[in-house]
Amino acid sequence: MTTTRHGIEALRDPSFNKSTAFTDAEKRSLGIVGLVPDVTESIETQVSRVLLQLKHKTTDLDRYIYLMNLLEINETLFYRTLMSNPARFLEIVYDPTIAEACLKFDHILRRLRGMYLSMAHKGHLKEALRNWPVKDVRFICVTNAGRILGLGDLGANGMGIPIGKLQLYTAAAGVPPRGLLPIYMDTGTNNEEYLKDPLYVGLRRHRPSSEELYAIVDEFVDAVQQVFPDCCIHFEDWTGVDAIALLARYRHKVCCYNDDIQGTAGVTLAGLINALKITGGQLKDQRILFLGAGSAAIGLADLIVSALGQQGIANDVARQHIRMFDTKGLVVAGRPGLPAHKLPYAHTLAPSKPFNHLDLASEYPQIRAAIEDFKPTVLIGVSTVGKLFSRETVEAMSAHNPRPIIFALSNPIDRHECLPEDAYAWSKGTVVYAGGVQFPPVHIGGQTFLPSQANNLYIFPAVGMAIYATNARRVIDEMFIEAAHAVADQVRPDQLRLGMLFPPQSDILEVEIQTAARVARLVFDSGLARVDRPTDMVAFIREHVYTPQYSATEAIGTRKAPRDV
């Protein structure tokens, strides 16, 4: 298949455009002489210009807007820029900058990207999906934006999340961008501020009942199977109850997963594996207390139980090592109205008092009481409550553990349960810490500590690459467990000694390739692959990696269209 571009069309297609890198022969054959400067620049020169222009931007939001505009002009140059310095640019196109971008998404909107499917399309979702120009979509990242990061219901403004997530598939793991489709499933919003905003671009209605919601998602999932039969559905940022229910509804029927549940669990498990290398403990001996009992906590707890199951420990025994705290206090058996997904972790214990998020964390005696009673070795925050881990909380953890493990995973930063400088100071430098975003080194008492970032980007792009390369039929939890071990194994002993729990993001592509190879091996071992098994799994993955470089075939006036992945 070839695609002919001529004249201005050649410059308006971001997947085709080379901007100032067209050769003289290409300019003549494409009919763009005079439409571009009379130079032929290398992509390296173009990247240097992008970097120069970015230096003049005063905020990361401005840099985000600039890079999104670049993506709509020249896709190859966009990804070449991101992949030239992933540690710098991934935090601009995604977390933490994406939080501010989503809050203002309808105000900074330039060119539409992805698809917007709404309740108004009910009964016609299949026809709508067929409007997408790429016919071999391999990944759809879909959200209804019920719970964006720690920001809550953002409605249509949450579209920035699936766009950003899919960019990480490519920038971090080399999944070809052509087969990636971000979708906002517009089921309304309960955010009154947005409903009153004249610039809001979503449906102006409140969210539907669960029955209505699941009916439209059923139609969507069925439509995807018919229109894009090789597609994996990535559910992202649905409300906790819906996230858990939808994953359970489809995971054994279609190729799908939920990054908030399984991806977060995978990266946290990787961090925990390496934290235990530092403390000298084993997973089977840990006592883990979650502050927050939503989809992320349940997903991580379930993955830990599965990982322990691989070591021969029964599920009911493994769950006894896990306790959870939510807004109503300790999750205990017999509590009225306890959601079904929390029941496996509701132990026969005396109930604690609920706490008010508006109170100061230092006034949470019930949390300290839970620590005193349970004596957890690991404290994990997925509460979206800023500063929830007080000095008293950290000191209580330190009193029971020579090296307490504390993960404060909520984001953005103002929702972090505990900042790293506080965790190190309050524990007198003994804590093994990971946060949900990247923090700079912390200098205390002549010592330098390197806070780790438990970022899902270590996991889901690699799992995505493995799914893409193997054309996997289903996604299973074991893929995320294997990815966790693969990521953990790539942290060197000298890095562990510095407190690093994850590999440097500067090496992210190689980390993802090695991780994807191990996950792909599991896919083949599990009989889930739809392609022939290769002899060299790493080489197999490398063959599928997208490289952002211009094709030389354009000089004849046509070029082979990027293969529908």
Side-chain angles (χ1 to χ4, degrees), residues 14 54 57-73 75 78 89-122 125 128-129 131-132 140-168 180-208 212-213 216-217 220 234-239 242-243 259-260 384 411-415 437:
L54 282 169
K57 306 299 179 184
T58 58
T59 69
D60 276 348
L61 181 62
D62 289 336
R63 296 180 186 98
Y64 170 88
I65 294 171
Y66 172 87
L67 288 170
M68 293 305 104
N69 184 63
L70 175 62
L71 175 61
E72 299 305 335
I73 297 171
E75 179 182 87
F78 169 81
F89 291 115
L90 294 183
E91 68 180 23
I92 294 175
V93 299
Y94 203 68
D95 198 32
T97 309
I98 195 67
E100 184 179 4
C102 284
L103 288 170
K104 302 175 180 177
F105 194 79
D106 49 6
H107 288 212
I108 64 174
L109 186 65
R110 268 43 171 193
R111 181 176 173 179
L112 297 176
R113 188 168 185 82
M115 295 194 75
Y116 292 75
L117 303 179
S118 82
M119 299 286 289
H121 303 142
K122 184 173 174 57
L125 294 186
L129 286 175
N131 290 333
W132 188 247
I140 287 173
C141 183
V142 59
T143 186
N144 76 338
R147 189 215 62 186
I148 296 294
L149 301 172
L151 302 173
D153 181 355
L154 297 190
N157 282 8
M159 181 55 156
I161 294 295
I163 291 172
K165 282 284 186 178
L166 292 178
Q167 288 167 354
L168 296 187
L180 308 179
L181 172 56
I183 291 181
Y184 170 57
M185 180 66 69
D186 194 345
T187 57
T189 179
N190 293 336
N191 190 317
E192 297 297 336
E193 178 183 349
Y194 290 145
L195 290 174
K196 296 174 183 176
D197 186 344
L199 296 181
Y200 180 65
V201 296
L203 285 179
R204 295 180 186 275
R205 56 158 288 173
H206 289 108
R207 292 188 177 275
E212 291 179 277
L213 175 64
I216 193 76
V217 179
F220 165 73
H234 168 159
F235 289 101
E236 183 71 30
D237 283 345
W238 299 68
T239 59
D242 293 333
D259 182 51
D260 303 303
T384 71
N411 57 58
I413 292 175
D414 63 353
R415 306 298 176 96
V437 299

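Once rounded to the nearest 0.5 Å, the distance linking OG1 of T239 with CG of L213 reads 7.5 Å. The line from CG of L154 to CG of D237 is 9.0 Å long, rounded to the nearest 0.5 Å. Distance check: E193 CD to L195 CG gives 10.0 Å after rounding to the nearest 0.5 Å. Atom CG of residue D260 and atom CH2 of residue W238 lie 11.5 Å apart, to the nearest 0.5 angstrom. Remark: T189 OG1 to R205 CZ distance equals 11.0 Å, nearest 0.5 Å. Put simply, CG on L117 and CG on L129 are 5.5 Å apart, with the number rounded to the nearest 0.5 Å.
Taking both residues in full, the closest heavy atoms of W132 and L180 are given as CZ2-O, 4.5 Å, listed atom of the first, atom of the second, then distance. Taking both residues in full, the closest heavy atoms of A145 and G158 are given as CB-CA, 3.9 Å, listed atom of the first, atom of the second, then distance. For the residue pair S118 and L125, the shortest heavy atom distance occurs at O-CD2, 4.4 Å. Shortest non-hydrogen contact noted between Y116 and H121 is O-CE1, 3.4 Å. In this structure, I161 and C102 approach most closely via the heavy-atom pair CG1-SG, 3.8 Å. Of all the heavy atoms in P198 and R204, the pair that sits closest is O-NH2, 3.5 Å.
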One pair to check against side-chain contact (heavy atoms from CB on, under 4.5 Å): L61 and I108. What are the steps and the verdict?
CA-CA 10 Å; L61 181 62; I108 64 174; 4.3 Å; yes
So T384 and R147, side-chain contact (heavy atoms from CB on, under 4.5 Å) or not? Walk me through it.
CA-CA 11 Å; T384 71; R147 189 215 62 186; over 6 Å; no
Check against side-chain contact (heavy atoms from CB on, under 4.5 Å), V142 and V217
CA-CA 10 Å; V142 59; V217 179; over 6 Å; no
M68 vs R113, side-chain contact (heavy atoms from CB on, under 4.5 Å): CA-CA, chis, key distance, verdict
CA-CA 10 Å; M68 293 305 104; R113 188 168 185 82; over 6 Å; no
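Put simply, the side chain of L199 does not reach to within 4.5 Å of the side chain of L109, judged on heavy atoms. In this structure, N157 and L103 have side chains that are not in contact, with every pair of non-hydrogen atoms separated by 4.5 Å or more. Counting heavy atoms from C-beta outward, I98 and I163 have side chains that stay 4.5 Å or more apart. Side-chain contact between E100 and Y64 is absent, with no heavy-atom pair separated by less than 4.5 Å. Contact of the F220 side chain with the I183 side chain is registered, since non-hydrogen atoms from C-beta on lie closer than 4.5 Å. Residues L151 and R415 are in side-chain contact: their nearest non-hydrogen atoms beyond the backbone lie under 4.5 Å apart. Counting heavy atoms from C-beta on, the side chains of H206 and E192 come closer than 4.5 Å.
Between the Y184 side chain and the M159 main chain, no donor and acceptor come within less than 3.5 Å of each other. At least one donor-acceptor pair under 3.5 Å links the side chain of N191 to the backbone N or O of D153. Looking only at distances, no side-chain donor or acceptor of D186 sits under 3.5 Å from a matching main-chain atom of G202. Using a distance-only test at 3.5 Å, with no hydrogens or angles considered, no donor-acceptor pair links the side chain of D60 to the main chain of I92. In this structure, T97 contributes its side chain and E91 its backbone to a donor-acceptor pair below 3.5 Å. Side-chain N or O atoms of T143 include one that pairs as donor or acceptor with a backbone N or O of E236 at under 3.5 Å.
Under 3.5 Å, the side chains of R207 and T187 contain a donor-acceptor pair of N or O atoms. A side-chain donor-acceptor contact under 3.5 Å links H107 and D197.
Between Y194 and Y200, the two ring planes are parallel [angle under 30°; tilted spans 30° to 60°].
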